[in-house]
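To start, the structure itself, in structure tokens.
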Amino acid sequence: MKTTTMKRFFFALLCGLASASGFTQVPQDLITGVWPTYNQANYPYLLGRVPQSQPTKNFSIQTEQYIEEFVWEDLQCTIKYPVENEMSAALKMQPQSGNYYLIPINISYFAPSRTVLATYTPSGAFIDQLEAGVVGESYNTWLYVKQCRVDQNMKVTVYHLKVTNPTSIIFIEAPATITAQRIDTTYQITSDGHFQKTGEKKYHERLYTKAELNVKDRNIWDGSEVPMP
């Protein structure tokens, strides 16, 4: 416990120093350096256990003041673990109509990671963001809490397994079974690059096993949960 507390303090201190250093704008190389632009023929873009059909190239992001750099320690996404210089991007998406780029930004620290969908102007100015991916690991079992889908018309669906246990469950300490409620939330990215919530679909909560959540190529959207009326 003492070691964990010290680690949190250390990374919080580092992040505080980074903020104090005064990153004031998004670098243009975030737009020009992220390669390639996602091919429209490959939509939908799926953030999950399925491989993308278009090759990507990881691009390290050193300065991004608008996106908080941390990973979630628990399945409920309530305990933040600050990290530093752990952001990267692999591709960018450009809508058929609209003057912005959509870039999935990954923040990872060993096993835990989260993905933020961020929009920028062509000159690199930040517009908006949406957390769309969360995953952690428990003894070689990968537990996906959030995944997403982006359609060619820039409709975004975030699939969330909202763990309903009242006490926070650290990923590494996850029990054999987990009670969660699936929630599908849809957003439309406006022509000026903002995420606008358009709908939400909830399902009855159920019991999931770690083994079930770790099935190869099985994503949250593949579930057979019963929709709520």
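- Connection of Leu143 to Leu207 is not established within any shared hydrophobic cluster, with ILVMFWY side chains joined at heavy-atom distances below 4.5 Å, either directly or through further cluster members.
- Listed here is the closest heavy atom pair of Ile127 and Gly193: CG2-O, 3.5 Å.
- Residue Gly223 comes nearest to Arg218 through the heavy atom pair CA-NH2, 3.5 Å, listed as atom of the first residue, atom of the second, then distance.
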Val163/Ile169 under side chain to side chain contact (heavy atoms under 4.5 Å, CB included): CA gap, chis, key distance, verdict: CA-CA 9 Å; Val163 177; Ile169 302 173; 4.3 Å; yes
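- Looking at every heavy atom in both residues, Val145 comes nearest to Cys77 through CG1-SG, 4.2 Å.
- Using a 4.5 Å heavy-atom cutoff, the side chains of Val150 and Pro44 are not in contact.
- Under the 30°/60° scheme for interplanar angles, the aromatic rings of Tyr66 and Phe126 are found to lie parallel.
- One finds the OG atom of Ser113 at 9.5 Å from the CD1 atom of Ile107 (value rounded to the nearest 0.5 Å).
- Tyr144 and Tyr208 are not part of a single hydrophobic cluster, where members link through side-chain heavy atoms under 4.5 Å apart.
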Full working for side chain to side chain contact (heavy atoms under 4.5 Å, CB included) between Val135 and Trp142: CA-CA 7 Å; Val135 61; Trp142 293 96; 4.0 Å; yes
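- Between Gln96 and Gln152 there is a side-chain heavy-atom pair separated by less than 4.5 Å.
- Neither Val158 nor Ile183 shares a network with the other; the hydrophobic side chains, linked directly or stepwise wherever heavy atoms of I, L, V, M, F, W or Y lie under 4.5 Å apart, form separate groups for each.
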Side chain to side chain contact (heavy atoms under 4.5 Å, CB included) assessment of Met93 paired with Tyr45: CA-CA 9 Å; Met93 290 171 260; Tyr45 169 79; 3.8 Å; yes
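- Listed for the Asn165 side chain is no donor-acceptor partner under 3.5 Å among the backbone atoms of Thr167.
- Here the side chain of Thr115 pairs no donor or acceptor atom with the backbone of Gly133 at under 3.5 angstrom.
- A 4.5 Å side-chain heavy-atom check between Val156 and Asp151 finds every atom pair outside the cut-off.
- Hydrophobic clustering (side-chain heavy atoms under 4.5 Å, transitive across Ile, Leu, Val, Met, Phe, Trp, Tyr) groups Tyr38 together with Leu47.
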Residue pair Thr177, Thr209: steps toward the side-chain hydrogen bond (donor to acceptor under 3.5 Å, both in side chains) verdict: CA-CA 4 Å; Thr177 57; Thr209 65; over 6 Å; no
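- By the side chain to side chain donor-acceptor pair (under 3.5 Å) test, Glu131 is found to be paired with Trp72, Arg114, Lys146, residues two or more places apart in sequence or in another chain being considered.
- Tyr159 pairs by the ring-ring contact (aromatic ring centres under 6.0 Å, His included) definition with Trp221, not counting sequence neighbours.
- Between the CG atom in Leu102 and the NZ atom in Lys92 there is a gap of 12.0 Å [rounded to 0.5 Å].
- Side-chain contact between Phe171 and Asp74 is absent, with no heavy atoms from C-beta onward closer than 4.5 Å.
- A distance of 7.0 Å separates CG in Leu117 from CD1 in Ile189, rounded to the nearest 0.5 Å.
- Nearest heavy atom pair, residue Pro95 against residue Gly98, reads CG-O, 3.7 Å.
- A donor-acceptor pair is defined here as one N or O able to donate and one able to accept, closer than 3.5 Å; no such pair exists between the side chain of Asn214 and the backbone of Ala211.
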Result block: side-chain N/O donor-acceptor pairs under 3.5 angstrom for residues 198-206, not counting sequence neighbours:
{"unit_1": "Thr198", "atom_1": "OG1", "unit_2": "Thr186", "atom_2": "O", "d": "3.3"}
{"unit_1": "Thr198", "atom_1": "OG1", "unit_2": "Thr186", "atom_2": "OG1", "d": "3.0"}
{"unit_1": "Glu200", "atom_1": "OE2", "unit_2": "Lys197", "atom_2": "NZ", "d": "3.4"}
{"unit_1": "Tyr203", "atom_1": "OH", "unit_2": "Asp184", "atom_2": "OD2", "d": "3.0"}
{"unit_1": "Arg206", "atom_1": "NH1", "unit_2": "Glu212", "atom_2": "OE2", "d": "3.2"}
{"unit_1": "Arg206", "atom_1": "NH2", "unit_2": "Glu212", "atom_2": "OE1", "d": "3.0"}
{"unit_1": "Arg206", "atom_1": "NH2", "unit_2": "Glu212", "atom_2": "OE2", "d": "2.8"}

Test side-chain hydrogen bond (donor to acceptor under 3.5 Å, both in side chains) applied to Tyr120 and Gln129, step by step: CA-CA 9 Å; Tyr120 298 88; Gln129 63 176 294; over 6 Å; no
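- Distance check: Asp192 CG to Asn99 CG gives 10.0 Å after rounding to the nearest 0.5 Å.
- Listed here is the closest heavy atom pair of Ile170 and Ile79: CD1-CD1, 3.9 Å.
- The line from CD of Glu86 to CZ of Phe70 is 14.5 Å long, rounded to the nearest 0.5 Å.
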From CA spacing to verdict: side chain to side chain contact (heavy atoms under 4.5 Å, CB included), Met154, Tyr100: CA-CA 11 Å; Met154 293 293 111; Tyr100 65 88; 3.3 Å; yes
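- Here His160 contributes atom NE2 and Cys148 contributes atom SG; the two are 13.0 Å apart, rounded to the nearest 0.5 Å.
- In terms of heavy atoms, Lys210 sits closest to Pro175 at CD-O, 2.6 Å.
- Put simply, the side chain of Asn85 does not reach to within 4.5 Å of the side chain of Met87, judged on heavy atoms.
- Under the 3.5 Å distance criterion, the side-chain polar atoms of Gln76 are left unmatched by any main-chain donor or acceptor of Pro166.
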